[in-house]
Amino acid sequence: MTTFPHSIPIPVVEYELITNPSRLSEVLLPLLKARVLAIDTETTGLDPLSDRIRLIQIAIPKHPVVIIDLAAISIHKLSPLKQLLNNNAVKVFQNGKFDWQVLEIAGLRPKGPFFDVMLASQVLRSGLKKDHDLKSLALEFLGIKLDKSLQSSNFAGKLSTSQLEYAALDAFILLKLRARLISKLRNARLLETAKMEFAAMPAVAEMELNGMLLDVQEWHLLSEELNQKKQTTLAELVKAGLKPAPSAQLSLFPEITETINPRSSTQVLNALHALNIPIQSTSKSELIPLARQYPIIQLLLNYRKLASLCSNFAEALPKHIHPITGRIHPSYRQCGARSGRFSCKKPNLQNVPRNCTAKGMRTCFISAPGYQIIKADYSQIELRIVAEISGDRRMLDAYSKGEDLHTLTASLITGKTLEEVTSEDRRIAKSVNFGLIYGMGAAKLQAYAEEKYDVLLTFEEAKQFRIRFFQAYSGVKRWHERIRRTVYVKDIKQIRTIGGRRRRWSKKPRLSELLNHPVQGTSADMLKVAIARLFKVLPKTGAKLIGVVHDEILLECPQTTLKRTSHILKKVMVEAGELYLQQVPVEVEVTISSSWAS
DNA sequence: GGATCTAGCGCC
DNA sequence: AAACGGCGCTAAATCC
């Protein structure tokens with residue numbers, strides 16, 4: 001890594017401010033010939049749906065930065081700009097998702113190929129937890145200290161010279177950053193991964209603008225139901241004897257301390273100790289084994305779950321309904337996870353509960369009139385990727401014959417034939433499969449099976465299943481051993497997905513992290529290829545991308561094109577998967593419904 | 001008093 | 001020898 005012992009002075013950037021339509025086409029003429037355009041925008045705020053674009057700054061090498069004051073020029077006079085943004089030049093952005101959205105809403109949608117310096121940096125430094133804002137990138141890759149104090153200045157009124165200089169520099173610096181990042185990416189063999197991110201970027205930008213529609217009335221009913229349950233559970237808890245520990249009752253106001261807050265782990269710990277229940281912490285894994293013995297613990301678990309559902313979802317999600325669109329527009333980060341997976345926030349729609357009430361929260365996410373929701377997800381994608389990467393014969397055989405891997409595992413660990421396997425056996429096997437591929441130990445497997453699959457195993461059983469799993473899938477065992485050697489013998493601190501996406505560690509990685517990245521990351525890669533391709537083909541169907549959840553894609557589709565669109569969606573997803581999986585068939589399950597429920 | 005950390009919940 | 005990974009949000013607890 002290059003270091004810059006002395007910071008380089010901030011370059012002086014020439015610019016021309018355009019406030020007059022008659023000068024526009026003239027000044028854009030040389031830009032039309034450029035192969036690369038660096039673009040930045042300044043807006044009146046950070047919400048593309050309610051704030052407005054003020055400036056667009058465009059930089060090309062050896063030329064003054066062109067700053068166009070969009071407050072001064074009517075949209076009808078902008079065709080030269082539209083033509084420029086719609087040409088085949090590479091468009092360079094910093095966090096281009098935001099600029100894409102702002103430009104789209106201003107009727108100035110830019111056309112790719114794109115280069116996003118933030119995404120490039122995230123791909124390059126994945127796992128190393130660094131900042132990826134423009135200031136950090138300029139310092140890290142160019143040794144330039146940028147002054148970003150004007151970023152949040154008022155871009156609605158009259159603009160100062162320093163604001164214009166700031167705006168010009170932001171665009172100009174992107175050219176230099178791109179050049180530096182390209183060579184870094186190429187040296188790290190990450191250019192292909194970065195290009196995949198760039199291609200997915202407009203799809204992500206549009207997905208956020210599309211947002212999802214929440215049925216507020218149904219949501220309210222569901223919230224009421226949850227709240228009722230929460231209150232009755234609280235009453236039962238008090239009845240069952242959840243009260244302050246004796247020492248705490250020395251309070252001057254005993255009536256106030258008659259009950260405790262069941263969400264407070266410290267209060268709960270004391271209260272349970274007072275009831276002679278032997279626990280070290282109030283964590284779920286410690287409470288679950290005691291739930292059968294002590295009814296109060298089951299009530300406590302129920303209450304905590306209900307309280308979390310109420311505050312995290314029932315009360316929280318309606319607050320995110322946008323006043324202009326009436327829809328929820330979460331913020332997706334396409335490189336949000338170190339594996340390359342998406343993360344989602346404000347609100348996080350990737351963790352909306354599936355089956356928390358009789359009705360289900362996801363049924364409240366609905367399609368607009370005249371539309372339906374198409375949901376498509378990759379079937380057992382992580383296990384398929386494990387089969388591909390490990391080359392495990394048995395897994396590959398099972399998948400190529402179209403067999404069910406959970407049933408196969410059930411048969412292998414119980415010794416029963418495939419026909420004898422019960423649905424209970426299969427559920428056990430499911431927990432075993434998902435638990436053991438990343439090297440879970442027997443104790444955790446036991447807890448995990450109970451917590452997630454309601455499967456009771458003794459420690460000995462968990463141990464036996466673990467042994468039999470690795471006997472049955474010896475290729476998986478060899479894969480684990482191969483990776484183990486890379487950490488503990490070769491001291492390697494990085495690993496890649498099938499497509500080459502890299503994750504690094506600053507300290508010695510855990511084996512499970514090294515096993516996990518190629519699997520989760522490859523799954524993320526195929527999802528991104530899929531949405532990038534969908535971005536190109538969906539417009540002709542009228543369908544809109546409205547959500548992604550790791551191995552799942554959600555479209556809102558006009559009734560009239562449902563059949564064709566779901567066919568296209570499935571085809572695109574399967575083909576994206578097949579780019580990475582050569583030995584395992586890729587399967588995608590598609591459902592059509594008036595809501596997000598499956 | 002506000003900022004930050006932790007525990008515990010949801011999802012794939 | 002033992003070890004599942006990846007996220008975000010809320011409320012309580014703690015720090016400054």
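Keep in mind that the numbers below use all heavy atoms, side chains included, and drop hydrogens, waters and symmetry copies. Throughout, protein chains are lettered first and strands after them, A, B, ... in sequence-line order, and every chain is numbered starting at 1.
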In whole angstrom, give the distance that lies between atom [atom1] of [X] and atom [atom2] of [N].
| X | N | atom1 | atom2 | result |
| --- | --- | --- | --- | --- |
| A/I279 | B/dA7 | CD1 | P | 14 Å |
| A/L349 | B/dG10 | CG | P | 17 Å |
| A/Y453 | B/dC12 | OH | P | 10 Å |
| A/E382 | C/dG5 | CD | C1' | 8 Å |
| A/R466 | C/dA3 | CZ | P | 8 Å |
| A/Y488 | C/dA3 | OH | P | 12 Å |
| A/K452 | B/dC12 | NZ | C1' | 10 Å |
| A/L445 | C/dA2 | CG | C1' | 14 Å |

*Ignoring backbone atoms, test whether A/R304 places a side-chain nitrogen or oxygen under 4.0 Å from the OP1 or OP2 oxygen of B/dG10.*
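For B/dG10, OP1/OP2 do not have a side-chain N/O of A/R304 under 4.0 Å.
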*May I ask you to say whether A/K97 pairs ionically with A/E197, meaning some side-chain N is under 4.0 Å from a carboxylate O?*
no
*Under 4.0 Å between a Lys/Arg side-chain N and an Asp/Glu carboxylate O for A/E450 and A/R292?*
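A salt bridge is present here (some side-chain N lies under 4.0 Å from a carboxylate O).
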*asked:* How would you summarise protein contacts on nucleotides 6-16 of chain C per nucleotide, using B for base, S for sugar-phosphate only and - for none, with heavy-atom distances below 4.0 Å?
replied: BSBBSSSS---
Within the structure shown, what part of the strands sits under 4.0 Å from [X] by heavy-atom distance: base, sugar-phosphate, or nothing?
| X | value |
| --- | --- |
| A/V519 | nothing |
| A/S281 | nothing |
| A/R484 | base |

*Find out whether the Lys NZ or Arg CZ of A/K528 is both under 6.0 angstrom from the six-membered ring centre of A/F342 and within 45° of the ring's axis.*
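Verdict for A/F342: a cation-pi partner in A/K528.
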*Scan residues 427-440 of chain A against DNA chain C and write down, sorted by residue number, each residue with any heavy atom closer than 4.0 Å; if none is found, say none.*
A/Y438, A/G439, A/M440
Can you list, pair by pair, the side-chain donor-acceptor contacts under 3.5 Å of residues 477-493 of chain A, counting residues two or more places apart and other chains?
residue, atom, partner, partner atom, Å
A/H480, NE2, A/I437, O, 2.7
A/T486, OG1, A/I483, O, 2.6

